[in-house]
Amino acid sequence: MQNEQRMAYLVSHPDEVKVVSKRFGLGATSLDRYLELDGYKAVPKAIQMGADAIINEVKASNLRGRGGAGFPTGMKWSFVPKQSPKPKYVLCNGDESEPGTCKDRLIFEHDPHAVIEGVMIAALAVGSKAGYIYLRGEYRYLLEIMERAVADAYARGFIGKNIFGSGVDLDIFTHSGAGAYEVGEESALMESLEGKRGVPRIRPPFPAVVGLWGGPTVINNAETLASVPHIILGGGEWFAGLGTPRNGGTRLFCMSGELERPGVYELPMGYNLKKMIYDVSGGMVKGKTLKGVVPGGSSVQILTPDEIDVAMDFDSVLKAGSMLGSGGVIVLDNTMCIVKFALRVTQFYQHESCGWCIPCREGTDWMKKTLVRFHSGGGVAKDIDNLKYLAENMLGRTFCPLGDAAAMPIVSYIQKYRQEFEDHLNGKPCPFEKAAEPVAV
Amino acid sequence: MAGSFMRRIAVFMADVTLTVDGKKLTVPAGTLLIEACKSTGIEVPSFCYYPGLSLQGACRMCLVEIEKMPKLQTACTTPVAEGMVATTESDKIKQARKSMIEMLLANHPLDCPVCDAGGECELQDMTFKYGAAESKFMDMKNHRDEQQWSPVVYFDRPRCILCYRCVRVCGEGMDVWALGVQNRGSGSIIAPNKEDHLECEECGMCIDICPVGALTSGAYRYKTRPWEMKHVGTVCTHCGDGCKTTLGVRRADTGMQIVRGDNRDKSGINGDFLCIKGRYAFDFANNPERLQQPLIKRDGKFVPSTWEQAFDLIASKFQEVLASHGPSSIGVVGSNHTSNEENYLLQKFARLVLGTNNIDHHRTADFPALASALAGKKDATASMRDVFNAPAILLIGNNPTEQHPLLAWQIRSNVRLHRAKLYIANSSPIKLRRQATAFVQIAPGSEGAFVQFLTANDAAADAVASPQLTREALSQMRDALKSESGLVIIFGSELRGSDVTALVNYGLSLGAKFICLGDYANSRGAADMGLYPDMLPGYAPVSSATRFHEHWLDEVPTAPGLNLLQLVDAAKAGNLKALYVVGSNPVARYNIDPFVLSKTFVIVQDMFLTETAASADVVLPVANAYEKGGTYTNTCGDVQMLKKAGEFSGVRNDFECIVRIAAGMGCDVHKLVPFGGGGTRADMGQSRGAQSGESDQHAVWLADHNLEPKMSPYDPVAMLDEIQRLVPGYDISRLGLLSGHDEHTQLVQITGATGMGHPELVMPANDKLFTSGTLGRFSATLNTVMERYRTMPEDVEIAAGYDPMVRE
């Protein structure tokens with residue numbers, strides 16, 4: 001299989017609790033193999049249960065959105081009106097683009113049918129007849145896997161007319177993005193899916209009421225939906241018990257940085273971050289020490305080494321001054337320049353800002369311009385405060401969370417590593433780069 | 001979202017009470033907070049919010065604090081809620097707004113001293129208010145070179161603040177969809193959807209709506225600073241819709257030169273709207289070919305003369321012809337562009353001084369048929385404002401997008417904002433069908449049969465049949481129309497005579513109101529003022545017009561005169577000895593061989609040496625409608641005041657010319673123009689408008705109390721007095737008129753009479769969006785635009801698009 005060679009290298013650790021990842025590496029892309037591994041058992045069960053029972057089970061599981069915001073999934077589903085003059089939709093958000101995050105990719109790669117099952121169960125729960133699986137543009141090769149899985153499921157009659165003899169019709173479509181981080185935002189994703197520019201919508205109304213094509217829409221992260229079949233089969237209580245209170249289940253953590261064993265590990269919610277780094281991932285590469293950790297994808301605040309003794313669930317990380325986000329744990333070592341890191345992160349957001357609103361469009365651009373100059377030695381003292389001023393004035397004032405995502409980390413870098421910024425001043429080259437050339441200002 | 005907001009305002013909803021800055025106010029539920037604030041006098045700043053266009057929430061200027069909400073909220077996207085407590089000014093809000101301005105200015109070129117918008121720029125005003133005076137950034141700004149998108153639209157990218165107003169007004173408002181957004185992030189730019197140029201209606205709405213100087217007008221850019229102009233609100237002199245246009249005038253060698261047209265105060269019947277003609281085609285007034293002194297033809301060549309020589313010659317010639325050949329040997333042709341006062345004066349001059357009914361004008365619609373069909377029924381005509389508010393509209397014939405751009409805008413906006421139902425019957429697939437609830441494409445020339453079909457005559461369906469039409473669609477439209485209340489029926493010149501009567505009878509049974517579409521700025525006025533050989537003002541037959549006979553205290557000929565075509569025949573036969581043409585170009589319009597007029601003494605009053613003027617014996621250079629006072633009646637019957645904006649040295653206005661000729665013939669001018677008295681002067685802005693741009697408040701007061709003495713025989717207000725006394729339907733509010741409002745007249749025929757309209761004489765001008773009869777030929781802008789479109793394939797309709805920013 002030509003895709004096999006591109007498949008991600010899988011890692012494992014005894015502490016792992018394999019739920020979503022339980023079929024990884026077992027060839028579950030093949031429908032027959034998937035069926036051997038308890039595939040398509042959750043959907044018939046869900047049909048038996050009925051809509052209300054499904055929602056109650058998901059509520060009981062304490063499953064929270066894996067995209068980053070951590071909104072309780074069962075509650076989200078219950079917001080969808082029972083009666084609607086317009087068709088209802090279920091959307092799988094597979095626009096995984098947060099730097100440091102690579103979990104959905106593994107799910108699509110190894111267990112595409114689990115996503116399909118998740119979409120189907122969500123559709124049954126809210127009474128929708130159509131589901132869309134939206135993959136980010138860069139995941140084109142995963143689209144092939146996903147499309148094949150959907151075709152296989154259609155061929156067996158798992159989706160389409162009268163699924164599992166229930167009398168319910170359900171169609172599932174795949175759709176590829178065109179390469180925009182912004183469409184990971186749910187309303188922008190819907191715009192994109194409708195064929196428009198990927199810019200977010202004004203809310204309220206929220207998607208549960210007015211979503212895709214104006215119909216009530218459930219939109220969930222791929223990992224969230226892939227967890228659902230397991231909840232239906234194993235029960236909400238079992239799933240909730242895997243994690244901490246109000247943070248049910250397990251989570252795919254994407255460990256990156258100068259670690260001995262980086263990779264995606266499925267660990268229970270509330271697993272200790274320090275342990276995650278030093279035990280699960282095997283600690284820092286030899287000769288390097290820890291400088292800071294970004295615990296939930298590039299858009300969250302950085303944690304210093306003495307702040308990382310924290311349980312990795314939504315509430316604990318928030319208390320520690322950062323966010324669990326998308327589960328992308330980025331580890332910075334002592335050879336990494338924080339200014340360069342800030343620049344790289346800002347470059348990303350500047351590139352990905354959709355340009356809709358002033359603070360994000362202009363703010364990210366000027367942060368980037370300032371940091372480019374700053375990092376190459378052209379910084380002046382007021383730049384540091386200007387950067388902070390820019391970021392602080394973006395926070396909470398942008399049209400969608402992208403502006404916050406770009407601003408929050410910068411504020412935290414400056415707060416926690418100000419000295420390093422000051423070390424770049426007065427035409428000095430970056431202390432971390434051997435041959436950095438100062439620029440004339 | 002936009003859609004749901006529009007629906008929300010369209011439906012009546014209960015009131016909610018909220019508190020803004022400590023003020024309690026009650027507004028209808030669903031009102032946006034920003035509008036609620038406005039209603040109580042609190043201004044919340046915004047760039048992207050624009051009433052009537054879809055919501056954006058993009059500029060983040062309207063951020064306000066709302067209790068129980070942790071973040072600042074955009075007032076432009078937040079509907080009010082019961083018990084809401086909002087604060088619109090606080091340190092936090094001020095800082096938020098200041099930082100938005102700082103971020104905008106960071107990349108803004110700050111070329112205010114040379115920017116067209118300098119002094120009229122919303123970004124400047126906000127900067128002034130929120131004091132973002134310090135430049136925090138030292139890196140390079142993002143620059144892109146200026147682009148020319150069309151003859152009239154230029155785009156200066158760095159100045160753009162991406163409020164998307166232009167994109168929305170072009171798409172949602174104009175249904176043209178020529179603009180979009182390209183790239184993303186800081187690279188986002190407004191761009192034409194046709195790569196590097198616009199294929200559009202060249203209305204310039206995008207320029208007007210731009211809060212900064214990013215979109216500038218090809219006709220105006222870099223010509224002046226806004227504060228060097230005086231701004232005079234007057235009425236556009238092109239099509240029959242009667243848009244208010246605000247002309248910016250500046251002193252020039254030739255007088256007061258018009259340098260800009262826009263609709264800056266949005267107070268007219270057109271609100272936001274102006275089309276290419278209203279906005280740019282004032283430039284005929286500055287055309288170098290304009291005549292500046294009277295011309296008298298001697299030995300086949302025009303020789304400049306003094307005004308006195310010219311008036312003397314004309315007066316003596318008229319007297320000579322009258323003595324030798326009698327009044328029936330003189331003909332008069334009036335204009336669709338001269339004011340009501342001038343038209344009224346002209347026909348009075350013809351009938352009283354020349355003693356002839358040989359008077360006509362270029363008829364573009366059968367107004368007399370409508371007047372007689374209505375048979376004195378009041379409130380049966382719709383105003384231009386009604387078109388925006390009517391729950392349902394039936395449009396038969398015409399193509400308003402080309403011929404009546406404002407009417408098309410009103411219809412589109414009504415459908416978009418009020419969900420009005422639009423029914424269209426037309427022989428071609430006109431663009432407005434895209435807004436139509438139902439559209440039937442009927443066979444060319446079968447508009448009359450369509451009316452017959454509406455009146456339950458099934459046999460007429462055969463005549464209407466076309467390949468694009470099903471019988472079912474026809475019947476469905478007829479059935480649907482039956483249940484429409486508050487219908488406005490709009491019809492073009494395709495319907496005349498008995499067809500109009502049939503339509504009116506049909507419409508009146510539904511309680512409908514009517515609009516008859518005439519082509520030029522004062523076509524309706526010319527008809528109302530009696531520029532007909534068989535009708536006096538108010539469509540009164542010449543034979544039985546006691547009202548005028550009594551008032552004019554003189555003999556008025558009671559036999560119908562010759563119409564325009566008969567005048568030409570008379571000239572051919574050598575029986576027309578003198579022809580007086582005021583502001584008209586019949587030679588070109590009716591394709592008359594100039595040789596036909598060689599035995600006739602022809603007097604022409606015009607701005608240019610038109611085909612008619614070229615065959616004249618005397619040409620008097622006159623002012624156009626932008627250079628004088630008076631009133632215009634638009635095709636719906638809305639009367640508006642003209643204000644003097646421009647001034648052109650050497651010319652006089654038609655009113656004065658007519659009076660001078662009459663005086664030269666020994667006529668007692670008081671009989672013609674009821675002026676006189678003593679004391680104060682009030683001159684309809686003749687002398688003051690250009691200087692102050694304001695209405696003459698003293699005159700307004702005097703007029704309202706009937707105290708105003710008219711000092712001059714050239715004062716059109718004196719004529720307006722008489723019109724208001726004698727012409728039925730014109731008893732409108734003078735105060736409203738003088739304050740710049742539009743006053744709707746009733747279309748009332750004094751004495752019931754039918755068959756006066758002579759439908760066969762109606763000749764529609766068939767102007768396109770970029771043409772405007774003879775006048776349009778002298779507009780540089782229209783010529784440039786047409787030149788460009790000539791190279792494009794014809795009749796390519798602008799594609800119906802969706803706007804990426806319109807969210808349902």
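Letters go in sequence order (proteins before strands), and every chain restarts at 1. These figures come from a predicted structure and were not determined experimentally.
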Participant: Using heavy-atom distances under 4.5 Å, tell me whether Lys382(A) contacts chain B through its side chain, its backbone, both, or neither.
Facilitator: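 For Lys382(A), the contact with chain B is made by the side chain alone.
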Participant: Just how far is it from atom CG of Asp139(B) to atom CG of Asp383(A), taken to the nearest 0.5 Å?
Facilitator: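 The distance works out to 7.5 Å.
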Participant: For Arg184(B), is there an ion pair with Glu182(A) - N to carboxylate O distance below 4.0 angstrom?
Facilitator: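 Salt bridge between Glu182(A) and Arg184(B), a charged N being under 4.0 Å from a carboxylate O: no.
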Participant: List the atom of Trp356(A), the atom of Tyr164(B), and the distance in Å for their closest heavy-atom pair.
Facilitator: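 The answer is O-OH, 3.1 Å.
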Participant: Take atom CD of Glu422(A) as the centre, draw a 6.0 Å sphere, and report whether it contains more than 12 heavy atoms from other residues, nucleotides or ligands.
Facilitator: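 Yes, the 6.0 Å shell around CD holds more than 12 heavy atoms from other groups.
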Participant: Surrounding CD of Glu82(B) (heavy atoms of other residues, nucleotides or ligands, distance under 6.0 Å), is the total greater than 12?
Facilitator: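 Counting other residues, nucleotides and ligands, CD of Glu82(B) exceeds 12 neighbours.
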Participant: In the structure I gave you, are the side-chain heavy atoms of Thr74(B) and Phe399(A) within less than 4.5 Å of one another anywhere?
Facilitator: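 No; the side chains remain at least 4.5 Å from each other.
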Participant: Can you tell me how far the CD atom of Glu102(B) sits from the CG atom of Asn386(A), to the nearest 0.5 Å?
Facilitator: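 Rounded to the nearest 0.5 Å, the CD-CG separation comes out at 9.0 Å.
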Participant: Taking the cut-offs as 6.0 angstrom to the six-membered ring centre and 45 degrees off its axis, would you call Lys136(B) and Tyr389(A) a cation-pi pair?
Facilitator: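 Yes, cation above the ring, under 6.0 Å and within 45°.
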Participant: Which atoms form the tightest heavy-atom contact between Arg197(A) and Val181(B), and what is the distance?
Facilitator: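 Heavy-atom minimum between the residues: NH1-O, 3.0 Å.
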Participant: One thing to verify: whether Lys71(B) and Asp404(A) come together as a salt bridge, which I'm taking to mean a side-chain N less than 4.0 angstrom from a carboxylate O.
Facilitator: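 Judged by the 4.0 Å cut-off on N to carboxylate O distance, Asp404(A) and Lys71(B) do form a salt bridge.
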Participant: Where on Asn393(A) is there a heavy atom nearer than 4.5 Å to chain B: the side chain, the backbone, both, or neither?
Facilitator: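 Interface part for Asn393(A): both.
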Participant: Give, as side chain, backbone, both or neither, the part of Leu63(B) having an atom under 4.5 angstrom from any heavy atom of chain A.
Facilitator: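 Answer is side chain: those atoms of Leu63(B) sit under 4.5 Å from chain A.
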Participant: Please determine, among Gly363(A), Cys360(A), Cys357(A), Gly198(A), the option with the most heavy-atom pairs under 4.5 Å with chain B.
Facilitator: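 Ranked by contacts with chain B, first place is Cys357(A).
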Participant: Among residues 84-93 of chain B, which ones touch chain A with a heavy-atom distance under 4.5 Å?
Facilitator: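 So the qualifying residues are Lys92(B).
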Participant: Is it the side chain or the backbone of Gln73(B) that comes within 4.5 Å of chain A heavy atoms, both, or neither?
Facilitator: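 No part of Gln73(B) comes within 4.5 Å of chain A.
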Participant: So which of Pro359(A), Gly396(A), Ala180(A) has the biggest tally of heavy-atom pairs under 4.5 Å with chain B?
Facilitator: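 Of the candidates given, the most pairs with chain B belong to Pro359(A).
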Participant: Counting heavy-atom pairs closer than 4.5 Å to chain A, which one of Cys59(B), Ala106(B), Cys48(B) comes out on top?
Facilitator: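 Between Cys59(B), Ala106(B), Cys48(B), the count favours Ala106(B).
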Participant: Between Arg203(A) and Thr77(B), is there a side-chain heavy-atom distance shorter than 4.5 Å?
Facilitator: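 Not in contact.
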Participant: Locate the shortest heavy-atom distance separating Asn142(B) from Lys369(A); write the atom from each residue and the value.
Facilitator: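 Heavy atoms of Asn142(B) and Lys369(A) come nearest at OD1-NZ, 2.8 Å.
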Participant: I need the Arg397(A) CZ to Arg97(B) CZ distance, nearest 0.5 Å.
Facilitator: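 Arg397(A) atom CZ to Arg97(B) atom CZ measures 11.0 Å (nearest 0.5 Å).
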Participant: Would you give the length of the straight line joining atom CZ of Arg60(B) to atom CD1 of Ile358(A), rounded to the nearest 0.5 angstrom?
Facilitator: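 Rounded to the nearest 0.5 Å, the CZ-CD1 separation comes out at 9.5 Å.
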Participant: Checking heavy atoms, do the side chain of Thr398(A), its backbone, both or neither come under 4.5 Å from chain B?
Facilitator: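 Backbone only.
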Participant: Kindly compute the distance separating CG (Asn107(B)) from CD (Glu362(A)), expressed to the nearest 0.5 Å.
Facilitator: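 Answer rounded to 0.5 Å: 5.5 Å.
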Participant: Quick check on Met140(B) against chain A: is it the side chain, the backbone, both or neither that has a heavy atom closer than 4.5 Å?
Facilitator: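 When you check distances to chain A, only backbone atoms of Met140(B) fall under 4.5 Å.
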Participant: Measure distances from Asn183(B) to the heavy atoms of chain A and classify the residue's part below 4.5 Å as side chain, backbone, both or neither.
Facilitator: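 Contact with chain A: backbone only.
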Participant: Looking at Leu402(A), Thr370(A), Thr364(A), which has the largest count of heavy-atom pairs under 4.5 Å with chain B?
Facilitator: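 Result: the option with the highest number of such pairs is Thr370(A).
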Participant: Does some side-chain heavy atom of Met103(B) sit less than 4.5 Å from a side-chain heavy atom of Met394(A)?
Facilitator: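 Yes, their side chains come closer than 4.5 Å.
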Participant: Heavy-atom distance under 4.5 Å to chain A: side chain of Ser188(B), backbone, both or neither?
Facilitator: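 The answer is the side chain of Ser188(B).
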Participant: Would you compute the distance between atom OG of Ser186(B) and atom NE2 of His351(A) and round it to the nearest 0.5 angstrom?
Facilitator: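 One finds 10.5 Å between OG of Ser186(B) and NE2 of His351(A).
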Participant: Would you find more than 12 non-hydrogen atoms of other residues, nucleotides or ligands less than 6.0 Å from Lys141(B) atom NZ?
Facilitator: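 Yes - once you tally the heavy atoms of other residues, nucleotides and ligands closer than 6.0 Å, there are more than 12.
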Participant: Assess whether atom CZ of Arg140(A) is packed by more than 12 heavy atoms of other residues, nucleotides or ligands within 6.0 Å.
Facilitator: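 Atom CZ in Arg140(A) is not packed in, count stays at 12 or less.
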